[in-house]
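For clarity, every value in this text was computed on a predicted model and none was experimentally measured.
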Amino acid sequence: MSPATMTTTAPGPDAAPVSRDTAHATLGLLRVCTARGPASVVAPASLIPPSGGTADDTETAATNADRIIAAVHGRGVATFVQHGELLACGPHDLVVLDSAVPFAFQEAEDFELHLFGVPRQLLGPDRADVERLCRLHPHTRGDVAPLLSPLLRDLAATATVRSPRSAEHLAGCVVALLRTLAFEAGPAGTPDAPATSPDGRDRHSLAPRLRAYVNENLGDRGLTPESIAAHHHISTRFLHRIFAAEGTTVGRWIQQRRLEECHRELAHARSGRPGAAVATVAKRWGVANPAYFSRTFRAAYGMSPTAWRDSHAASLWPPEA
């Protein structure tokens, strides 16, 4: 197998390559890449890059464009960036993405990232299912993701010692689980996406209550899909369906609201006063990781949270005599 190309740079405007370890393997028809290193921006160019411009390289590049990638962290937290969107990605979250669309993982700390390249045709003829699978990030709950995520981490560690027969069988298991995950992420209106909860409440009447509950509990770092679903006596699957019907995910909406509240509060904060520190404001709204907060804030608003606070402090709080 040809080695994968993986661009890794330090975060910041003067980004430079940083030291990292990258390992590659095959598992049946799947391609496996594992990257480890310090906080940086990881942008996999492809899992099997062209190496010299030959006809075979052209064929390989075309093959790369027709793969999807299942990615999972062994350790570390990151922001996943694709289509201009920023999504939080934890150490066990599963991300499925289209390798033909540029993407990056903005790693906030020391990390280990596993990527599995899966030929798109193995996932079946319905391209809509695959496209939908690649739009929902990250896959953390439901019946399939909790099975697939640890399996991928284990296979990444053992792919090189598997026999060909075992590798083919396990690759088939991965594909089968991905196909089931695509079905689980089916569109609203299918039998897998009921319009009502088991007790008869419809998602349209629940949505405003769910958003209000999230707004009231943004500062709680324990705010999760499970806690939200439990409070409203619905399943986490039904909760995800409600937000998916509105074109977003639970995690994405929580992240967006937290950033908006931090953005608002920092605009009225005065540097040097109690409670005005960026990290303090972030924690008050449920964001505990300063590096992650700074990275997502800059991506959303075009400047660091400190610069945003200080630019408004100059006009709101004139220098003391």
Side-chain angles (χ1 to χ4, degrees), residues 1-9 17-52 54 56-57 59-78 80 89-100 103-105 107 109-123 138-139 144-181:
M1 170 185 169
S2 301
T5 295
M6 179 160 300
T7 302
T8 309
T9 60
V18 298
S19 175
R20 52 98 178 107
D21 172 44
T22 305
H24 314 287
T26 59
L27 187 78
L29 293 176
L30 310 187
R31 302 294 182 262
V32 186
C33 177
T34 295
R36 305 176 184 86
S40 53
V41 178
V42 180
S46 67
L47 288 178
I48 319 171
S51 59
T54 66
D56 288 343
D57 293 332
E59 182 179 352
T60 297
T63 301
N64 289 337
D66 205 34
R67 290 180 183 272
I68 70 157
I69 296 175
V72 63
H73 280 81
R75 65 175 183 272
V77 294
F80 171 67
C89 186
H92 303 300
D93 294 346
L94 173 67
V95 174
V96 183
L97 54 98
D98 187 342
S99 64
F103 66 93
F105 287 90
E107 304 290 345
E109 58 190 30
D110 186 68
F111 73 95
E112 180 180 63
L113 176 63
H114 308 297
L115 303 104
F116 285 72
V118 183
R120 192 187 304 265
Q121 66 269 21
L122 296 183
L123 296 174
H139 295 275
V144 180
L147 297 174
L148 185 53
S149 179
L151 174 62
L152 293 179
R153 293 197 303 273
D154 180 67
L155 292 178
T158 60
T160 57
V161 299
R162 299 284 181 181
S163 68
R165 183 176 180 180
S166 173
E168 291 288 349
H169 179 72
L170 289 167
C173 291
V174 171
V175 171
L177 285 170
L178 283 170
R179 294 182 70 170
T180 306
L181 187 64

If I take atom [atom1] from residue [X] and atom [atom2] from residue [Y], how far apart are they, to the nearest 0.5 angstrom?
| X | Y | atom1 | atom2 | result |
| --- | --- | --- | --- | --- |
| R179 | L122 | CZ | CG | 8.5 Å |
| T160 | H24 | OG1 | NE2 | 13.0 Å |
| R67 | L29 | CZ | CG | 8.0 Å |
| L178 | C173 | CG | SG | 11.5 Å |
| F116 | T34 | CZ | OG1 | 6.5 Å |
| I69 | R120 | CD1 | CZ | 10.0 Å |

What's the shortest heavy-atom distance between [X] and [Y], and which atoms?
| X | Y | result |
| --- | --- | --- |
| P38 | F111 | O-CE2, 3.2 Å |
| R31 | G28 | NH1-O, 3.8 Å |
| A156 | H114 | CB-ND1, 3.3 Å |
| A171 | L27 | CB-O, 3.3 Å |

Heavy-atom check, side chain of [X] versus side chain of [Y], under 4.5 Å:
| X | Y | result |
| --- | --- | --- |
| L181 | L94 | yes |
| I68 | P119 | no |
| E107 | V41 | no |
| V161 | T158 | yes |
| V95 | H73 | no |
| E109 | R75 | no |
| L155 | L170 | yes |

>> Can you tell me how the ring of F80 sits relative to the ring of F105, calling it parallel under 30°, perpendicular over 60° and tilted otherwise?
In response: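 Judged by the thresholds at 30° and 60°, the geometry between F80 and F105 is tilted.
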